[in-house]
A.B. asks: 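Questions regarding the structure given below will be posed in turn.
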Amino acid sequence: MAAHRRSAHRKPKQRPLTGPAARTAATLALAGAATAGSVTGAGAAPAEPAPTAAQVKAKVDRLYHDAEVATEKYNGAKEKADAATRNLDALTDEAARRTDRLNTARHALGSLATAQYRSDTLDPALQLALSSDPDAYLERASYLDRAGDRQTGLLRNIKRQVARIAQVKARADEETERLAARRTELREHRTAIRAKLADARKLLDTLTAAERADFERSADAQHGGGPDRADRSTTRGGPVSATDSRAGQAIAFAHGAIGKPYVWGATGPNAFDCSGLTQAAWKAAGVSLPRTTYTQINAGQRIPRSQLAPGDLVFFYSGISHVGLYIGGGQMIHAPRPGAPVRIAPIDQMPFAGATRVA
């Protein structure tokens with residue numbers, strides 16, 4: 001009995017799995033091991049190496065260039081938006097003036113109708129018979145005939161005015177839609193500019209102080225040095241002389257702008273972007289230039305690089321996204337980029353795209 005009780009409490013012996021059950025268990029075990037390995041490996045994955053200072057500089061330069069391209073598109077959209085605003089204001093004023101004339105014509109017609117109503121309360125023959133002065137009545141009758149002609153003219157004039165006002169309002173509606181589209185375009189370009197400049201600042205913030213200083217020095221070298229260097233090289237000696245008096249005035253203005261900050265979309269007097277500077281410089285010389293680089297290049301006579309003269313506009317990059325004012329000796333005055341004020345720079349530091357003689 002004792003032996004029987006001991007055998008009853010003994011644990012049943014585990015039989016090894018065979019066949020499909022064994023294969024299923026093995027598959028689950030391997031899957032669990034793979035999952036555990038992937039979790040362990042995820043925490044140990046190597047991080048991407050930080051970009052080098054040279055890579056940061058290349059990315060920042062590209063972002064600044066992309067921002068300048070977007071800036072010129074913004075300037076073009078703003079120029080068109082300003083024109084649409086002016087057109088809309090002019091159409092609104094015209095509609096108001098025509099409405100005033102229409103109201104005047106309607107008032108005159110109303111007065112004439114009232115006068116005729118009052119005078120026609122009696123039959124004309126009876127008025128003549130009862131008149132103590134037939135000659136005076138005949139004069140009044142002649143006036144009434146002329147008044148009828150005048151009434152017809154007033155009606156025609158009113159009809160013309162109503163039609164013209166409708167045309168003006170239709171044009172105003174079209175201009176309103178055009179202005180709304182330009183403003184949407186402005187917002188898109190503004191957003192693109194700000195995003196690219198923000199990305200550039202984030203990249204620059206990854207540099208050490210020494211690397212940041214190296215970046216600024218290399219950027220200054222690329223764009224012709226800081227305003228101090230510009231002052232030493234030419235400003236104290238006076239503006240470069242130009243054979244054309246208007247070109248000389250434009251150069252003098254640009255010299256006076258040296259050291260002022262670059263601000264995208266700015267046309268002076270306290271800040272400029274590249275095309276804003278050249279536009280303002282030639283405006284000081286009495287010449288009106290369009291707002292953008294890609295329209296300024298067509299604002300005068302195209303000339304080869306070998307025939308450059310002081311006052312010419314020089315353009316860079318395949319998309320015509322940068323412009324400077326040539327001052328002779330292979331130098332120009334330009335507004336380079338955010339953080340780099342207006343300065344003198346060599347024209348061979350950027351890919352040359354063309355030149356235009358304005359005067």
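Nothing here was measured: the structure is a model prediction, and the numbers come from that model.
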A.B. asks: Can you tell me which residue pairs pass the salt bridge (Lys or Arg N to Asp or Glu O under 4.0 Å) test with a partner in residues 315-331, sequence neighbours excluded?
C.D. replies: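 Passing the test, one end in residues 315-331: no pairs.
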A.B. asks: Only one of F272, Y74, Y64 forms a ring-ring contact (aromatic ring centres under 6.0 Å, His included) with W264, so which one is it?
C.D. replies: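 Between W264 and the candidates, ring-ring contact (aromatic ring centres under 6.0 Å, His included) is satisfied uniquely by Y74.
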A.B. asks: Just grab all the salt bridge (Lys or Arg N to Asp or Glu O under 4.0 Å) pairs involving residues 310-325, residues at least two apart or on different chains.
C.D. replies: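 Pairs touching residues 310-325 that pass the test: D312-R357.
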A.B. asks: Distance from I193 atom CD1 to E68 atom CD, nearest 0.5 Å?
C.D. replies: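 Going from CD1 on I193 over to CD on E68, the span is 10.0 Å.
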A.B. asks: How many angstroms lie between CD in E177 and CG in L88, if you round to the nearest 0.5 Å?
C.D. replies: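 E177 CD to L88 CG: 11.5 Å, rounded to 0.5 Å.
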A.B. asks: Measure from the side-chain N and O atoms of Q279 to the backbone N and O of L289, and report whether any donor-acceptor pair falls under 3.5 Å.
C.D. replies: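 Side chain of Q279 to backbone of L289, a donor-acceptor pair under 3.5 Å: yes, one is there.
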A.B. asks: Do E188 and T191 come within less than 4.5 Å of each other through their side chains, counting heavy atoms only?
C.D. replies: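 No, side chains not in contact.
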A.B. asks: Please report the C-alpha distance between Q296 and L313 in whole Å, then the side-chain angles of each, then the deciding distance to 0.1 Å, and finally whether the side chain to side chain contact (heavy atoms under 4.5 Å, CB included) criterion is met.
C.D. replies: CA-CA 8 Å; Q296 287 183 6; L313 301 178; 4.2 Å; yes
A.B. asks: We want to know whether Q301 and T356 form a side-chain donor-acceptor pair, criterion being a heavy-atom distance below 3.5 angstrom.
C.D. replies: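 No pair is found: no donor N or O on one side chain lies under 3.5 Å from an acceptor on the other.
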A.B. asks: Which pair of heavy atoms, one from P341 and one from P336, lies closest together, and at what distance?
C.D. replies: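 Closest approach of P341 to P336, heavy atoms only: O-CD, 3.2 Å.
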A.B. asks: side-chain contact (heavy atoms from CB on, under 4.5 Å) with R212: which of T206, V56, L204?
C.D. replies: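 It is L204; the other options fail the test.
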A.B. asks: Does one hydrophobic cluster hold both V323 and V263, with members joined at side-chain heavy-atom distances below 4.5 Å?
C.D. replies: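 Not linked; separate clusters.
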A.B. asks: Looking at R171 and E174, is there a salt bridge between them, counting it only when a charged N and a carboxylate O are closer than 4.0 Å?
C.D. replies: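 Salt bridge: no.
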A.B. asks: Are L197 and L63 side-chain neighbours, meaning at least one heavy-atom pair lies under 4.5 Å?
C.D. replies: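 Sidechains of L63 and L197: no contact.
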A.B. asks: Test C274 against H334 for side chain to side chain contact (heavy atoms under 4.5 Å, CB included), laying out the working first.
C.D. replies: CA-CA 6 Å; C274 67; H334 74 144; 5.7 Å; no
A.B. asks: Testing the 3.5 Å rule here: is there a donor-acceptor pair between the side chains of E72 and S275?
C.D. replies: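 Their side chains do contain a donor-acceptor pair, which is all the 3.5 Å distance test asks for.
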A.B. asks: So that I know where these two stand, are Y317 and H65 an aromatic pair - ring centroids less than 6.0 Å apart?
C.D. replies: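 Yes, the ring centres sit under 6.0 Å apart.
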A.B. asks: What heavy-atom pair brings A250 and A285 nearest, and what distance separates the two atoms?
C.D. replies: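 Nearest heavy atoms, A250 then A285: N-CB, 4.0 Å.
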A.B. asks: For I320 versus F315, what's the shortest heavy-atom pair and its separation?
C.D. replies: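 Closest approach of I320 to F315: CG2-CD2, 3.8 Å.
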A.B. asks: With a 4.5 Å heavy-atom cut-off, do M332 and M350 have their side chains touching?
C.D. replies: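 Touching, per the 4.5 Å side-chain cut-off.
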A.B. asks: Checking Y326 now: which residues fulfil ring-ring contact (aromatic ring centres under 6.0 Å, His included) with it, not counting sequence neighbours?
C.D. replies: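 Not a single residue meets the ring-ring contact (aromatic ring centres under 6.0 Å, His included) criterion with Y326.
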A.B. asks: Do F215 and D61 pass the side chain to side chain contact (heavy atoms under 4.5 Å, CB included) test, and can you show the C-alpha distance, the side-chain angles, and the key distance before you say yes or no?
C.D. replies: CA-CA 10 Å; F215 171 82; D61 286 342; 4.0 Å; yes
A.B. asks: Could you note down all residue pairs passing salt bridge (Lys or Arg N to Asp or Glu O under 4.0 Å) where residues 87-96 supplies at least one of them, sequence neighbours left out?
C.D. replies: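 For residues 87-96, and leaving out neighbouring residues, the salt bridge (Lys or Arg N to Asp or Glu O under 4.0 Å) pairs sorted by first residue read E94-R98, E94-R164.
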A.B. asks: Hey, could you give me the CD1/CD1 distance between I327 and I251, rounded to the nearest 0.5 Å?
C.D. replies: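 Between atom CD1 of I327 and atom CD1 of I251 there are 7.0 Å.
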A.B. asks: Are I165 and L91 grouped together when hydrophobic residues (ILVMFWY) are joined by side-chain heavy atoms under 4.5 angstrom apart?
C.D. replies: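 No, separate clusters.
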A.B. asks: Would a hydrophobic clustering, with Ile, Leu, Val, Met, Phe, Trp and Tyr connected at side-chain separations under 4.5 Å, put V60 with V69?
C.D. replies: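 As far as the 4.5 Å side-chain criterion goes, V69 and V60 are not connected within one cluster.
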A.B. asks: Between A281 and L325, which heavy-atom pair has the shortest distance, and what is it?
C.D. replies: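 Residues A281 and L325, closest heavy atoms: CB-CD2, 4.2 Å.
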A.B. asks: Can you confirm whether more than 12 heavy atoms, excluding those of K260, are under 6.0 Å from its NZ atom?
C.D. replies: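 Yes, the 6.0 Å shell around NZ holds more than 12 heavy atoms from other groups.
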A.B. asks: Apply side chain to side chain donor-acceptor pair (under 3.5 Å) to residues T292 and E79 and explain how you reach the verdict.
C.D. replies: CA-CA 9 Å; T292 65; E79 186 176 42; 5.2 Å; no
A.B. asks: Could you please spell out the steps behind the side chain to side chain contact (heavy atoms under 4.5 Å, CB included) verdict for Q249 and W282?
C.D. replies: CA-CA 8 Å; Q249 291 176 325; W282 273 103; over 6 Å; no
A.B. asks: Within 45 degrees of the ring normal and closer than 6.0 Å to the centroid, is that where the cationic atom of R305 sits relative to F352?
C.D. replies: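 Yes, a cation-pi geometry holds between R305 and F352.
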A.B. asks: Please give me the minimum heavy-atom distance between A355 and L308, naming the atom from each residue.
C.D. replies: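 In terms of heavy atoms, the two residues are closest at CB-CD2, 3.5 Å.
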A.B. asks: Quick check for you: to the nearest 0.5 Å, what is the distance between L186 atom CG and K73 atom NZ?
C.D. replies: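 L186 atom CG to K73 atom NZ measures 13.5 Å (nearest 0.5 Å).
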A.B. asks: Output the distance between atom CG (N87) and atom CZ (R178), rounded to the nearest 0.5 Å.
C.D. replies: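 One gets 8.0 Å once the value is rounded to the nearest 0.5 Å.
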A.B. asks: Quick check for you: to the nearest 0.5 Å, what is the distance between R201 atom CZ and K196 atom NZ?
C.D. replies: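 Spacing of CZ (R201) from NZ (K196) equals 13.5 Å.
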A.B. asks: Measure from the side-chain N and O atoms of E211 to the backbone N and O of T208, and report whether any donor-acceptor pair falls under 3.5 Å.
C.D. replies: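 Checked: pair present.
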A.B. asks: Any salt bridge (Lys or Arg N to Asp or Glu O under 4.0 Å) involving residues 273-286? Give me the pairs, sequence neighbours left out, ordered by first then second residue.
C.D. replies: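 Every salt bridge (Lys or Arg N to Asp or Glu O under 4.0 Å) pair that includes a residue of residues 273-286, provided the two are not neighbours, is D273-R291.
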A.B. asks: According to side chain to side chain contact (heavy atoms under 4.5 Å, CB included), who are the partners of D82, at least two apart in sequence or on a separate chain?
C.D. replies: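 So D82 forms a side chain to side chain contact (heavy atoms under 4.5 Å, CB included) with K78, R86.
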A.B. asks: Closest approach of S321 and T293, non-hydrogen atoms and distance?
C.D. replies: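 Heavy atoms of S321 and T293 come nearest at CA-OG1, 3.8 Å.
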A.B. asks: May I ask whether F253 and V287 are part of the same hydrophobic cluster, defined by side-chain heavy atoms of I, L, V, M, F, W, Y residues being less than 4.5 angstrom apart, directly or through others?
C.D. replies: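 Yes, F253 connects to V287 through the hydrophobic network.
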